[in-house]
Amino acid sequence: MGESVKLIANNKKAYHDYFIEEKYEAGLALHGTEVKSLRMGKCSIKESYVRIENGEVFIYGMHISPYEKGNIFNKDPLRVRKLLLHRHEIGRIAGKAAEKGYTLVPLRVYFKGSLVKVEIGLAKGKKLYDKRQDIAKKDQRREAEKEFKVRMR
């Protein structure tokens, strides 16, 4: 029953710039050689974002490099791609994303079995002082781990 999950791309920048409040799993509508390119790990979601238009969910700015062995069937690497979600999920997400300060960001792209999935997060933007606080916490944790290693020796 445990389907294998193979990570293709991770969006660390999203965790730095936003508070992630909820996560959703969506399928990704792809054409031809894009799947082969994804199997080789040629994907970037660093600058991408998600929008809901006319009851459908789309991902913008997701870069899937063209497949080298492909020919005329290769598509534009930055084309807009449709995300596959149930209608009631789209309605719930649209209602929450419409609130002030909320946005939808892709968090990671992965294979679940043989299907390509995108994890999207309902996010609220961080202020500069929040980002500084997070960096300070990371530094503090890193120092504590360093001290612990020194004591263990």
Side-chain angles (χ1 to χ4, degrees), residues 1-30 34-53 55-66 76-153:
M1 289 292 179
E3 290 190 29
S4 63
V5 174
K6 182 186 171 229
L7 187 67
I8 301 167
N10 202 356
N11 192 355
K12 292 180 182 176
K13 188 178 178 197
Y15 290 101
H16 182 263
D17 291 343
Y18 301 99
F19 292 114
I20 309 300
E21 302 205 352
E22 288 184 39
K23 294 179 182 179
Y24 299 94
E25 183 181 71
L28 187 60
L30 298 169
E34 289 179 326
V35 178
K36 291 182 179 184
S37 190
L38 284 173
R39 286 208 186 279
M40 293 168 46
K42 307 262 179 136
C43 176
S44 173
I45 55 172
K46 202 169 278 185
E47 298 295 322
S48 59
Y49 58 96
V50 178
R51 268 209 188 130
I52 299 174
E53 297 169 355
E56 294 181 323
V57 185
F58 295 96
I59 186 167
Y60 291 83
M62 179 179 178
H63 187 277
I64 298 177
S65 299
D76 176 34
L78 285 171
R79 74 181 183 84
V80 177
R81 293 172 180 86
K82 186 175 179 179
L83 295 180
L84 309 171
L85 288 156
H86 292 284
R87 190 157 308 286
H88 63 88
E89 282 183 309
I90 295 172
R92 188 180 324 130
I93 294 169
K96 291 178 182 176
E99 293 177 29
K100 191 172 188 304
Y102 283 96
T103 187
L104 292 168
V105 292
L107 302 174
R108 61 191 188 124
V109 180
Y110 55 95
F111 278 105
K112 188 173 183 182
S114 62
L115 303 173
V116 179
K117 300 286 185 177
V118 178
E119 186 175 64
I120 57 174
L122 182 68
K124 192 168 191 129
K126 285 185 182 178
K127 302 280 190 247
L128 186 60
Y129 57 84
D130 290 327
K131 292 179 189 178
R132 286 187 188 141
Q133 249 177 352
D134 282 353
I135 292 169
K137 282 180 188 173
K138 282 181 189 172
D139 287 344
Q140 204 172 26
R141 193 188 75 235
R142 207 175 294 124
E143 289 296 322
E145 286 175 4
K146 198 177 191 181
E147 263 183 51
F148 183 71
K149 280 183 183 177
V150 171
R151 283 190 205 153
M152 293 298 286
R153 290 184 184 175

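Annotation: K82, atom NZ; neighbour count of heavy atoms from other residues, nucleotides and ligands within 6.0 Å does not exceed 12. Atom NZ of K36 is surrounded by 12 or fewer heavy atoms from other residues, nucleotides or ligands within 6.0 Å. At most 12 non-hydrogen atoms from other residues, nucleotides or ligands lie less than 6.0 angstrom from NE2 of H86.
Proximity of Y60 to R51: side-chain heavy atoms (C-beta onward) are separated by under 4.5 Å at one or more points. In this structure, V105 and Y49 have side chains that are not in contact, with every pair of non-hydrogen atoms separated by 4.5 Å or more. Proximity of L30 to L38: side-chain heavy atoms (C-beta onward) are separated by under 4.5 Å at one or more points.
Nearest approach of L107 to A14, heavy atoms of both residues: CD2-CB, 3.9 Å. Nearest approach of A26 to L83, heavy atoms of both residues: CB-CB, 4.1 Å.
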Begin with the C-alpha distance, continue with both residues' side-chain angles, and end with the deciding distance and a verdict on salt bridge (Lys or Arg N to Asp or Glu O under 4.0 Å) for R79 and E34.
CA-CA 11 Å; R79 74 181 183 84; E34 289 179 326; 2.9 Å; yes
For R142 and D139, what are the C-alpha separation, side-chain angles and deciding distance, and is it a side chain to side chain contact (heavy atoms under 4.5 Å, CB included)?
CA-CA 5 Å; R142 207 175 294 124; D139 287 344; 3.0 Å; yes
Could you go through K131 and D134, starting from their C-alpha distance and side-chain angles, then the distance that decides it, and tell me whether this counts as salt bridge (Lys or Arg N to Asp or Glu O under 4.0 Å)?
CA-CA 5 Å; K131 292 179 189 178; D134 282 353; over 6 Å; no
For I120 and I59, run side chain to side chain contact (heavy atoms under 4.5 Å, CB included): C-alpha distance rounded to whole Å, both residues' side-chain angles, the deciding distance at 0.1 Å, then the answer.
CA-CA 10 Å; I120 57 174; I59 186 167; 5.8 Å; no
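Put simply, CG on L104 and CZ on F58 are 13.5 Å apart, with the number rounded to the nearest 0.5 Å. Rounded to the nearest 0.5 angstrom, R108 CZ and K23 NZ are separated by 7.5 Å. Note that NZ of K46 is 8.0 Å distant from NZ of K13, once rounded to the nearest 0.5 Å. Here E143 contributes atom CD and Q140 contributes atom CD; the two are 9.5 Å apart, rounded to the nearest 0.5 Å. Between the CE atom of M62 and the CZ atom of R81 there is a distance of 6.0 Å, given to the nearest 0.5 Å. The line from CG of N10 to CD1 of I45 is 6.5 Å long, rounded to the nearest 0.5 Å.
When each of E25, K117, K6 is checked for a side chain to side chain donor-acceptor pair (under 3.5 Å) with Y110, only E25 meets the rule.
In this view, E145 and R141 satisfy the salt bridge (charged side-chain N to carboxylate O under 4.0 Å, His left out) rule, not counting sequence neighbours.
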